[in-house]
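Atoms within each ligand, like the ligands themselves, are counted from 1 in listed order. Reckoned from all heavy atoms, side chains included, excluding hydrogens, waters and symmetry mates.
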Amino acid sequence: MEATALSSGLRPLPNPNGYRLPRSCSQRKSLPLARFHSKETPFKKPQGSLAITHHRGLSFKTNVFEQAHHPVAGDLSYDDTSRSNVAEDKIGVLLLNLGGPETLNDVQPFLYNLFADPDIIRLPRPFQFLQGAIAKFISVVRAPKSKEGYAAIGGGSPLRKITDEQADAIRLALQAKNVSADVYVGMRYWFPFTEEAVQQIKKDKITRLVVLPLYPQYSISTTGSSVRVLQDLFRKDPYLARVPVAIIESWYQRRGYVNSMADLIQKELQTFSDPKEVMVFFSAHGVPVSYVENSGDPYQKQMEECIDLIMEELKSRGVQNNHILAYQSRVGPVQWLKPYTDEVLVDLGKNGVKSLLAVPVSFVSEHIETLEEIDMEYRELALESGIENWGRVPALGLTPSFITDLADAVIESLPSAEAMVNPPSAGVSEDSESSDAFGYIMKMFFGSVLAFLLLLSPKMFHAFRNHFI
Ligand SMILES: C=CC1=C(C)c2cc3[nH]c(cc4nc(cc5[nH]c(cc1n2)c(C)c5CCC(=O)O)C(CCC(=O)O)=C4C)c(C)c3C=C
Ligand SMILES: [Fe+2]
């Protein structure tokens, strides 16, 4: 697990895991940040545990190996640290997620929010003023196809409901471990937006916050984007700037997660008449290759490590099936991570694979890409390609061992929370505010004109349409 603390001028933001932020991000004012790099050692058996009890009855029982982010594992005592006493705190947990349209009318504005994200469509600096116009254009062009997908799964995304349930389950799991915390949901592209969650956190006077993105692996396009928004909000607000925050950037290595995934796979294999013959097919959401190759996104590496850990766990249980990893859901004209799920399915069918178990691995809730893309499109393609027996592992959702492990991750990261003490961008002059406003108006004007021209040009429309649907 890697926990990061938003904090005071210790180190600049730009190079968290050794990866480079996309230009759009690194060129923004960077937020000072202190980081605690921790690699949980998932295969070491715990050799001891540490109970930390505080006055007011708050008690943490935590495994010393999972305290790797602390300089001296096993020596941890909150009283020894310079950090404030966790027991005194009003603890908040903020779950970050993508969000999804709840009705078909939400689809186009949801897509607009997604494509307006500079971590999703990354434009060279001179063209960044076109972001809004391009987002408008692509969202309008893509909306009909996306709507068909959402219509096929009942008219909207189940993400909000599932994430709310996960929030409740994590709150209860924390309570069962004697940690009282309020759990919030902040979505990146739809309601409840991260901004709303942060307002509530402030209203509730939370004094220590753990940020838990619901993506096991880190990508610039997911966790990176959500955390950037959060940092912007914290930087601007004098109250939030002082709240100690710990960010759990990725957690695919945690035993609880790996074991829970292995449990689900093992169980689903038993539904086949000949479980040993089944190809375990991990299908991860893709990202453009440029994220990995040019910006150092750790997503692909983490994904591969994650699959290795799950397969090692299965092997240790005597499950020796063949497996493969492929990437799904590519959008737009650029190269995405390969191999592509649809191409691999066809190849496997051609090469005589008869039984296949699809395992969605980049996300922990059911969503359009499991319910529509995998269950409908890929299933059909696989059957057409010669695969006879098809199965799919459900998303982790509310699986108790998984939820308990997330609660543990929260507890383990609490001591590493640190406040951002830099004054929020003080002294923004009226001049710079008015020039910002002028720049904004100019961008909106030229952006709208461009979007209008693009939409009117049949040639441009068709070129874009072919790439984005
Ligand atoms: C780890 C998960 C995800 C990564 C990485 C990711 C990158 C990424 N996604 C798009 C474009 C779209 N994503 C869409 C939906 C969507 N994406 C994820 C997860 C990841 N995306 C989820 C869970 C969902 C579903 C939300 C829901 O409503 O259930 C969509 C909209 C759906 C569609 O039209 O297909 C788009 C578009 C890009 C461009 C990208 C990386 C740059
Ligand atoms: Fe996506």
(request) Find all atoms of ligand 1 within a distance of less than 4.0 Å from any non-hydrogen atom belonging to Tyr291, and give their numbers and elements. (result) 42 (C)

(request) Examine ligand 1 and decide if any of its atoms is less than 4.0 Å from a heavy atom belonging to Trp190. (result) no

(request) Determine whether any heavy atom of Pro158 lies closer than 4.0 Å to an atom of ligand 1. (result) no

(message) Please list, in number order, the atoms of ligand 1 under 4.0 Å from a heavy atom of Phe115.
(response) 37 (C)

(request) Under the ring-ring contact (aromatic ring centres under 6.0 Å, His included) rule, what do Tyr340 and Tyr327 come out as? Steps first, then yes or no, please. (result) CA-CA 5 Å; Tyr340 297 146; Tyr327 293 92; 8.8 Å; no

(request) Below 4.0 angstrom from a heavy atom of Gly100, which ligand 1 atoms are there? Numbered from 1 as shown, please. (result) 28 (O)

(request) Return yes or no for this condition: an N or O of Arg142 is under 3.5 Å from an N or O of ligand 1. (result) yes

(message) Please give the atom name: the N, O or S atom of His285 nearest to the Fe ion (ligand 2).
(response) NE2

(request) Check the pair Tyr252 / Glu305 against side-chain hydrogen bond (donor to acceptor under 3.5 Å, both in side chains), numbers first and verdict last. (result) CA-CA 8 Å; Tyr252 66 94; Glu305 277 174 21; 2.6 Å; yes

(message) Testing the 3.5 Å rule here: is there a donor-acceptor pair between the side chains of Thr399 and Ser260?
(response) no

(message) Ser146 versus ligand 1: do any nitrogen or oxygen atoms come within less than 3.5 Å of each other?
(response) yes

(message) I'd like to know if Lys315 and Asp308 make a salt bridge, using a cut-off of under 4.0 Å between side-chain N and carboxylate O.
(response) no

(message) Please list, in number order, the atoms of ligand 1 under 4.0 Å from a heavy atom of Trp336.
(response) 38 (C), 39 (C), 40 (C), 41 (C)

(request) Report, in ascending order of atom number, the atoms of ligand 1 lying under 4.0 Å from any heavy atom of Pro101. (result) 28 (O)

(message) Out of all atoms in ligand 1, which are within 4.0 Å of some heavy atom of Phe363? Include the element for each.
(response) 23 (C)

(request) Check each atom of ligand 1 against the heavy atoms of Thr222 and keep those under 4.0 Å away; list them by number with element. (result) 1 (C), 2 (C), 3 (C), 4 (C), 5 (C), 6 (C)

(request) Assess Tyr327 for proximity to ligand 1: is some non-hydrogen atom of it under 4.0 Å away? (result) no

(request) Return the orientation label for the Trp251 and Tyr257 ring planes: parallel under 30°, perpendicular over 60°, tilted otherwise. (result) perpendicular

(request) Would you mind listing which atoms of ligand 1 come within a distance below 4.0 Å of any non-hydrogen atom of Val287? (result) 5 (C)

